[in-house]
Amino acid sequence: MSLEALCHLVREGRLQGLTYALANGAFDLLHVGHVRYLEAAAGEADRLIVAVNSDASIRGLKGPDRPVMPEADRAELVAALRVVDHVVIFDEPTVAPLLLALRPEVHCKGTDYTVDTVPERDTVRAYGGRVAIVGDPKDHSTSSLVSRLR
């Protein structure tokens with residue numbers, strides 16, 4: 001979904017009293033750690049928005065051999081999960097601009113972070129939101145899966 005359409009949907013939902021959580025990531029080769037992260041994030045608000053890194057942003061973060069799957073496929077897989085309400089693809093190095101546009105009540109990050117190490121924590125706090133660390137211990141990773149497959 002486009003950011004513009006998502007902003008409209010969130011405004012309409014808030015008029016109905018809904019709250020929103022936002023989780024983000026590459027979701028390249030979906031695995032059980034992703035599912036557990038998103039299930040826990042969904043428990044933080046009435047609706048879960050998932051921001052999926054664009055192909056260009058992943059190449060910038062993880063190198064020229066990534067992503068394994070294109071952004072449209074990754075977004076479609078994430079959207080198919082029953083706990084996910086909305087998916088948007090973002091191209092920026094961090095999700096901060098998206099947080100400012102949507103202002104979700106909760107910004108969810110995985111257990112490889114602490115509340116104090118989340119890069120966007122100041123952005124979230126500035127508009128009155130909160131940061132939640134969710135999911136199981138970081139025992140799964142796409143990078144290890146890719147290494148094993150090679």
Side-chain angles (χ1 to χ4, degrees), residues 1 3 6-7 9-10 13-14 17-69 71 73-150:
M1 146 176 311
L3 178 56
L6 184 55
C7 285
L9 203 88
V10 168
R14 285 207 173 102
L18 297 175
T19 59
Y20 291 87
L22 184 135
N24 68 285
F27 303 101
D28 195 16
L29 297 185
L30 198 61
H31 56 71
V32 71
H34 291 134
V35 172
R36 292 172 182 165
Y37 164 56
L38 296 176
E39 286 176 336
E44 295 290 326
D46 298 317
R47 298 287 184 268
L48 176 60
I49 300 167
V50 179
V52 175
N53 288 78
S54 70
D55 293 347
S57 71
I58 291 175
R59 276 191 294 279
L61 294 168
K62 298 183 183 273
D65 292 338
R66 299 281 298 277
V68 174
M69 295 190 309
E71 62 192 40
D73 291 356
R74 292 182 287 111
E76 186 175 341
L77 284 170
V78 169
L81 298 173
R82 73 175 188 271
V83 299
V84 175
D85 296 291
H86 310 292
V87 175
V88 64
I89 296 170
F90 73 102
D91 204 34
E92 295 78 18
T94 76
V95 77
L98 198 57
L99 288 164
L100 288 172
L102 296 168
R103 297 178 176 258
E105 284 77 5
V106 188
H107 177 40
C108 300
K109 294 298 271 186
T111 57
D112 46 335
Y113 290 92
T114 68
V115 171
D116 292 328
T117 63
V118 171
E120 306 86 6
R121 70 188 174 281
D122 293 336
T123 301
V124 174
R125 289 175 182 156
Y127 69 74
R130 70 179 173 87
V131 172
I133 304 302
V134 299
D136 63 351
K138 184 89 172 161
D139 295 334
H140 310 89
S141 84
T142 299
S143 295
S144 2
L145 284 174
V146 169
S147 292
R148 286 177 58 199
L149 290 170
R150 288 189 175 141

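Below, all heavy atoms of this structure are taken into account, side chains as well, without hydrogens, waters or symmetry copies.
- Listed by chain and residue number, nothing satisfies the side chain to side chain contact (heavy atoms under 4.5 Å, CB included) test with Pro93 (two or more places apart in sequence, or in another chain).
- Listed by first and then second residue, the side chain to side chain donor-acceptor pair (under 3.5 Å) pairs that reach into residues 91-102 are Ser54-Asp91, sequence neighbours excluded.
- Smallest separation of non-hydrogen atoms from Tyr20 and Glu105: N-OE1, 2.7 Å.
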Using a 3.5 Å cut-off and no angle test, enumerate the donor-acceptor pairs between side-chain atoms of residues 122-134 and protein atoms at least two apart in sequence or in another chain.
residue, atom, partner, partner atom, Å
Tyr127, OH, Pro104, O, 2.8
Arg130, NH1, Glu44, OE1, 3.1
Arg130, NH2, Glu44, OE1, 2.7

In residues 107-117, what donor-acceptor pairs under 3.5 Å come from side-chain atoms, sequence neighbours left out?
residue, atom, partner, partner atom, Å
His107, ND1, Leu22, O, 3.4
His107, NE2, Glu120, OE1, 3.1
Lys109, NZ, Asn24, OD1, 3.4
Thr111, OG1, Asp136, O, 2.7
Thr111, OG1, Lys138, N, 3.4
Thr114, OG1, Asp116, N, 3.3
Thr114, OG1, Thr117, N, 3.2
Thr114, OG1, Thr117, OG1, 3.3
Thr117, OG1, Thr114, N, 2.8
Thr117, OG1, Thr114, O, 3.2

Give every donor-acceptor pair under 3.5 Å between a side-chain atom in residues 73-87 and any protein atom, sequence neighbours left out.
residue, atom, partner, partner atom, Å
Arg74, NE, Met69, O, 2.9
Arg74, NH1, Ala26, O, 2.6
Arg74, NH1, Asn53, O, 2.9
Arg74, NH2, Asn53, O, 3.0
Arg74, NH2, Asp55, OD1, 2.7
Asp85, OD2, Leu48, N, 2.7

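- In this structure, Arg14 CZ and Leu102 CG are separated by 7.5 Å, a value rounded to the nearest 0.5 Å.
- Although no hydrogens or angles enter the test, the distance criterion places a donor-acceptor pair under 3.5 Å between the side chain of Arg121 and the main chain of Val118.
- Residues that satisfy the side chain to side chain contact (heavy atoms under 4.5 Å, CB included) test with Ala45, not counting sequence neighbours, are Thr19, Ala21.
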